[in-house]
There are 2 protein chains.
Amino acid sequence: MTSPALRERDESGAPAAREHDAAAAPAACSSDDLIELLFFAYRDFVGDPDRILAEYGFGRAHHRVLHFVDRYPGLTIAELLDILRITKQSLNRVLKDLIGQGYVAQRPGTSDRRQRLLTCTESGQRLAADLTRVQARRLARALASPEDAAAPESFLMAMIEPDERAVVRRLMARRGGGAA
Amino acid sequence: MTSPALRERDESGAPAAREHDAAAAPAACSSDDLIELLFFAYRDFVGDPDRILAEYGFGRAHHRVLHFVDRYPGLTIAELLDILRITKQSLNRVLKDLIGQGYVAQRPGTSDRRQRLLTCTESGQRLAADLTRVQARRLARALASPEDAAAPESFLMAMIEPDERAVVRRLMARRGGGAA
DNA sequence: GGAATATGTCAACGACACTGACGTATATCG
DNA sequence: CGATATACGTCAGTGTCGTTGACATATTCC
């Protein structure tokens, strides 16, 4: 997957038996470090569903729409635009896909028939659940860490793909260690 | 900025004097809630620098490159590709901008002259610092919250733009309250 | 009946990612 | 020394997802 540029200094030849290496970062963790961890954490957080979505020919935009429609059935277009902060042209493109392929259904509003109340079909709910599952699993794993899960630093590190944590930690260690 | 679709139920006419309303969410916060909070938190987290970048004609891709080159001077192209997980064509597009406009400098590697060691120029460091500042400020504010900042839920809520927290909270309250 | 609202749509464009292929300089190995 | 590998650059085409601007339609509200 990843090219070896950052992995070359592979000191420990041990088969990596340590389980929760989410911590192991010395102590100090500045805001600057957190900025970086948030980048890596979010990257892996959205990476999980991305793989599933690709099988359906969908992207992140579809995911966001599906997620909110699934969680808040009866959502209107205007509300969705408000949440996602995109233009209705952008929304319509992905919404058309989701409706056309039977993942989202619409019905006119009862009190205001101009509105389109959006809901997920059964298959939409299934897909949404699949996507939620992988993200919730990562989250649960991160939260299930030892008591240090309390610190945002540990939380974010635990959100990163386990295999990648050492890479990230090694990268970030370069800031004190210096002369590479 | 935001259209009023989600703001209409504006019960409290008070001029909003409460400072740290990061909490105020009942108690239960499922993984599903966290997924959503992470979306909103990240949205606002990247929104700050986006505004600055727009003044320079830069985008998020430029930000990421600038950030990592600033933090890890001497980074090579291969390492950067590893961190960002993009193709060299994508990287080159933004890197060319940053070098051409004097924010990033390159010099051949000493031990391996095929490598291009990347560093930030002074103006590059200044811009990177500006971008870091707004993100660190948001982070610091989130961490400076009362002791409840420990919980990822509170942390994420505190990362959301203060004006938006009530909107998000109201939206998420719809999941129990139901009949809208 | 006229104005505001909720939504749809056409057209063009920009940022940022991708693939595939090819070119060049430097390093390394036999 | 010559072959092969590596680090990087680049050309060409494509796709997703965001943008703006303008205009059409149905419905509601006054």
Side-chain angles (χ1 to χ4, degrees), chain A residues 1 3-8 39 43 46-47 49-51 53-66 69 74-100 104 106-118, chain B residues 1 3-8 39 43 46-47 49-51 53-66 69 74-100 104 106-118:
Chain A
M1 287 272 137
S3 36
L6 284 175
R7 299 175 187 274
E8 51 198 9
F39 164 78
R43 180 192 67 179
V46 295
D50 276 359
R51 268 168 247 126
L53 290 158
E55 298 170 17
Y56 292 78
F58 290 150
R60 268 180 219 175
H62 298 88
H63 183 191
R64 292 194 281 265
V65 171
L66 191 66
V69 171
L75 219 50
T76 67
I77 300 287
E79 287 170 327
L80 209 37
L81 289 176
D82 241 26
I83 291 170
L84 300 176
R85 302 254 183 98
I86 57 175
T87 58
K88 66 183 163 175
Q89 292 87 332
S90 283
L91 173 57
N92 241 302
R93 198 183 321 126
V94 294
L95 194 50
K96 210 180 298 184
D97 292 342
L98 290 169
I99 292 174
V104 168
Q106 49 181 327
R107 59 171 200 281
T110 48
S111 62
D112 185 339
R113 279 166 39 214
R114 290 171 303 181
Q115 297 179 334
R116 290 164 60 190
L117 306 185
L118 303 169
Chain B
M1 288 272 135
S3 36
L6 284 175
R7 301 174 187 276
E8 51 199 8
F39 165 78
R43 180 193 66 180
V46 295
D50 276 358
R51 269 168 247 125
L53 290 158
E55 297 170 17
Y56 292 78
F58 291 151
R60 269 178 219 176
H62 299 87
H63 183 191
R64 292 193 281 264
V65 171
L66 191 65
V69 171
L75 220 51
T76 67
I77 301 288
E79 288 171 326
L80 208 37
L81 289 176
D82 240 25
I83 292 170
L84 300 176
R85 302 252 182 99
I86 58 176
T87 58
K88 65 184 163 175
Q89 292 87 334
S90 285
L91 173 56
N92 242 302
R93 196 184 330 120
V94 294
L95 194 50
K96 210 180 298 183
D97 292 342
L98 290 169
I99 292 174
V104 168
Q106 49 181 328
R107 61 173 198 281
T110 48
S111 63
D112 187 338
R113 280 166 40 213
R114 288 172 303 180
Q115 296 179 334
R116 289 165 61 191
L117 305 187
L118 303 169

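Not measured: the values here are computed from a predicted model. Chain letters run A, B, ... following the sequence lines, proteins first, then strands; residues in each count from 1.
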Review point. Heavy atoms under 4.0 Å, any strand shown: does B:R93 hit a base, just sugar-phosphate, or nothing?
Key: base
**Study point:** Non-neighbouring partners of B:R60 that pass side-chain contact (heavy atoms from CB on, under 4.5 Å), sequence neighbours left out
**Key:** B:V46, B:D50, B:R64
Exercise for review: Kindly indicate whether the side chain of B:Q89 and the base of C:dG20 share any N or O donor-acceptor pair separated by less than 3.5 Å?
Suggested key: yes
Review point. Could you state the CD-P distance from B:Q115 to D:dC8, rounded to the nearest angstrom?
Key: 6 Å
Review point. Closer than 4.0 Å, any side-chain N/O of A:R85 to the OP1 or OP2 of D:dC17?
Key: no
Exercise for review: Round to a whole Å and report the spacing from CG of A:L117 to C1' of C:dA6.
Suggested key: 12 Å
**Study point:** Side-chain N or O of B:T87 closer than 4.0 Å to phosphate OP1/OP2 of C:dC18
**Key:** yes
Check your understanding: Atom CD1 of A:I77 to atom P of C:dT9: distance rounded to whole Å?
Key -> 10 Å
Only pairs under 3.5 Å count here: list side-chain donor-acceptor contacts from residues 90-100 of chain B, not counting sequence neighbours, and write none if there are none.
unit_1 : atom_1 : unit_2 : atom_2 : d
B:S90  : OG     : B:T87  : OG1    : 3.4
B:D97  : OD2    : B:H62  : NE2    : 2.8

Check your understanding: OP1 or OP2 of D:dT19 sitting under 4.0 Å from any side-chain N/O of A:S90?
Key -> yes
Point to revise | Whole-Å distance separating the CG atom of A:L53 from the C1' atom of D:dC17 | key: 14 Å
**Study point:** Between D:dT19 (P) and A:L91 (CG): distance, integer Å
**Key:** 10 Å
Study note, to complete from the structure: To the nearest 0.5 Å, atom CG of A:L117 lies from atom CD1 of A:I77 at 9.5 Å
Exercise for review: Return the value, rounded to whole Å, for the distance between atom NE2 of A:H63 and atom P of D:dG18.
Suggested key: 13 Å
Review point. Within this structure, what is the CG-to-C1' distance between A:L81 and C:dT5, rounded to whole angstrom?
Key: 14 Å
Revision key, fill the gap. Per-nt protein contacts along nucleotides 24-30 of chain D (heavy atom under 4.0 Å; B base, S backbone sugar-phosphate only, - none) come out as --BBS--
Check your understanding: Does B:H62 place a side-chain N or O at less than 4.0 Å from the phosphate oxygens OP1/OP2 of C:dA15?
Key -> no
Check your understanding: If you check every side-chain atom of B:T76, which of D:dG18, D:dC8, C:dA17 has the closest atom?
Key -> D:dC8
**Study point:** Euclidean distance, A:L75 CG relative to A:L81 CG, rounded to 0.5 Å
**Key:** 9.5 Å
Review point. Atom CZ of B:R60 and atom P of D:dT19: how far apart are they, to the nearest Å?
Key: 11 Å
